[in-house]
Amino acid sequence: MTTHYWLFKSEPSTFSITDLENRPKQTEPWNGVRNYQARNMLRDQIKVGDLAFFYHSNCTPPGIVGIVKIVKAGYPDDSAWDAASPYFDPASPPNRPRWFMVDVKFVRKIEPMITLTDIKNHPLLSGMQVAKRGNRLSITPVTVEEWRAIEMLR
DNA sequence: GCCAACGTTGGC
DNA sequence: GCCAACGTTGGC
């Protein structure tokens with residue numbers, strides 16, 4: 001089976017690559033995605049063994065800070081039916097889940113980080129979705145060429 | 001803190 | 001089904 005590549009955004013003040021590294025099993029459910037396009041990828045396309053860049057957004061500077069591996073494929077996001085969760089969504093009850101998540105496992109940090117500026121300035125990376133103006137998708141596909149180009153950098 | 005870009009909502 | 005209003009994202 002072919003490995004596919006992704007980029008997962010997270011605000012480090014909410015959940016950082018270091019938070020993931022420090023989890024007892026270095027594993028975490030990637031919950032809280034509330035966008036249909038990203039949901040479809042989580043539910044239908046992202047498979048066990050796929051790899052993803054961990055991207056820190058809404059911080060200074062934004063950029064790629066590590067690599068994670070998918071260890072559990074799409075399953076219902078239970079934070080949607082937890083009234084105490086910031087991701088609570090009564091429109092996604094357990095018997096009819098609307099939102100999905102995957103489990104990710106820490107692979108390694110990328111140090112120093114590859115900043116958004118680095119990405120925009122790199123001929124093989126400047127076309128990445130995350131570098132596009134107005135891009136807000138928290139999960140985006142990464143091509144094998146882009147993946148290799150970034151691995152070559154560090 | 002600003003604000004452009006985007007997705008969602010809801011009135012009609 | 002249209003589209004204006006609104007809330008959110010996220011770079012700067």
Side-chain angles (χ1 to χ4, degrees), chain A residues 4-23 28-46 50-70 73-143 145-147 149-154:
Chain A
H4 288 99
Y5 302 100
W6 309 92
L7 182 144
F8 283 28
K9 272 190 214 169
S10 179
E11 300 192 13
S13 60
T14 303
F15 187 70
S16 72
I17 186 77
T18 303
D19 292 334
L20 179 63
E21 186 181 22
N22 291 338
R23 286 287 192 265
E28 185 77 359
W30 199 268
N31 62 16
V33 174
R34 298 290 178 270
N35 168 283
Y36 289 102
Q37 237 184 303
R39 185 281 307 271
N40 291 346
M41 288 187 264
L42 287 168
R43 188 188 58 191
D44 306 330
Q45 294 181 250
I46 302 176
D50 283 0
L51 294 166
F53 291 126
F54 196 121
Y55 179 96
H56 281 174
S57 68
N58 205 11
C59 57
T60 308
I64 291 170
V65 293
I67 294 176
V68 301
K69 181 167 61 180
I70 310 306
Y75 64 108
D77 180 347
D78 57 11
S79 69
W81 53 76
D82 173 5
S85 167
Y87 307 125
F88 177 61
D89 181 359
S92 181
N95 62 338
R96 215 163 27 85
R98 171 177 298 185
W99 305 117
F100 285 72
M101 60 187 176
V102 300
D103 287 358
V104 302
K105 185 177 176 63
F106 178 84
V107 174
R108 69 177 177 93
K109 284 187 175 175
I110 290 178
E111 290 173 317
M113 69 182 291
I114 295 166
T115 67
L116 180 58
T117 307
D118 295 335
I119 292 169
K120 287 179 171 171
N121 288 337
H122 190 292
L124 296 179
L125 302 177
S126 57
M128 287 183 75
Q129 265 186 255
V130 74
K132 288 188 178 141
R133 184 181 158 81
N135 166 68
R136 290 172 52 186
L137 256 192
S138 65
I139 294 179
T140 48
V142 170
T143 68
E145 292 82 8
E146 290 161 351
W147 186 273
I150 291 171
E151 285 203 311
M152 298 268 280
L153 293 175
R154 302 283 187 273

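So that the names make sense, note that chain A is the first sequence line, chain B the second, and so on, each numbered from 1.
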Requested in this report: Find the distance Tyr87(A):OH to dT9(C):C1' and express it as a whole number of Å.
Outcome: 13 Å
Report task. For Ile64(A) and dG11(C), give me the distance from atom CD1 to atom P, rounded to whole Å. Result -> 12 Å
Report summary line: To the nearest angstrom, the NE2-C1' distance between His56(A) and dT9(C) comes to 17 Å
Query - Worked verdict on Asp103(A) versus Tyr75(A) for side-chain hydrogen bond (donor to acceptor under 3.5 Å, both in side chains) - result: CA-CA 9 Å; Asp103(A) 287 358; Tyr75(A) 64 108; 2.5 Å; yes
Report task. Rounded off to whole Å, could you give me the NZ-to-P distance for the Lys9(A) and dT8(C) pair? Result -> 16 Å
Query - Closest-nucleotide ordering on DNA chain B, the 5'-leading residue of Arg133(A) and Arg98(A) - result: Arg133(A)
Query raised in the report: Between Lys120(A) and dC12(C), is there a side-chain N or O to OP1/OP2 distance below 4.0 Å?
Result: yes
Report summary line: note: Asn58(A), atom CG; dG7(C), atom C1'; distance rounded to Å ~ 15 Å
Query - Leu116(A) side chain, from C-beta outward: closest of dG10(C), dG7(B), dG11(C) - result: dG11(C)
Query raised in the report: Of the candidate nucleotides dA5(B), dG7(B), dG10(C), which contains the atom at the shortest distance from the side chain of Gln37(A)?
Result: dG7(B)
**Report entry** Nearest-nucleotide pick for Glu11(A), side chain only, options being dG11(C), dG7(B), dG10(C)
**Finding:** dG10(C)
Query raised in the report: From dT8(B), dG7(B), dC12(C), pick the nucleotide closest to the side chain of Tyr36(A)?
Result: dT8(B)
**Report entry** Spacing of Trp6(A) atom CH2 and Met41(A) atom CE [to the nearest 0.5 Å]
**Finding:** 6.5 Å
Query raised in the report: Would Asp77(A) and Arg34(A) satisfy salt bridge (Lys or Arg N to Asp or Glu O under 4.0 Å), going step by step from the backbone distance to the final call?
Result: CA-CA 10 Å; Asp77(A) 180 347; Arg34(A) 298 290 178 270; 2.9 Å; yes
Query raised in the report: Between dA5(B) atom P and Gln129(A) atom CD, what is the distance in whole Å?
Result: 17 Å
Query raised in the report: Tell me: CG of Asn135(A) to P of dC12(C), nearest whole Å?
Result: 12 Å
Report summary line: note: Leu137(A), atom CG; dT8(C), atom C1'; distance rounded to Å ~ 14 Å
Report task. Report yes if a side-chain nitrogen or oxygen of Tyr55(A) is closer than 4.0 Å to either non-bridging phosphate oxygen (OP1 or OP2) of dT9(C); otherwise report no. Result -> no
Report task. Could you tell me whether Lys105(A) atom NZ has more than 12 heavy atoms of other residues or ligands within 6.0 Å of it? Result -> yes
Report summary line: side chain to side chain donor-acceptor pair (under 3.5 Å) pairs touching residues 117-129 of chain A, sequence neighbours excluded, are Thr115(A)-Asp118(A)
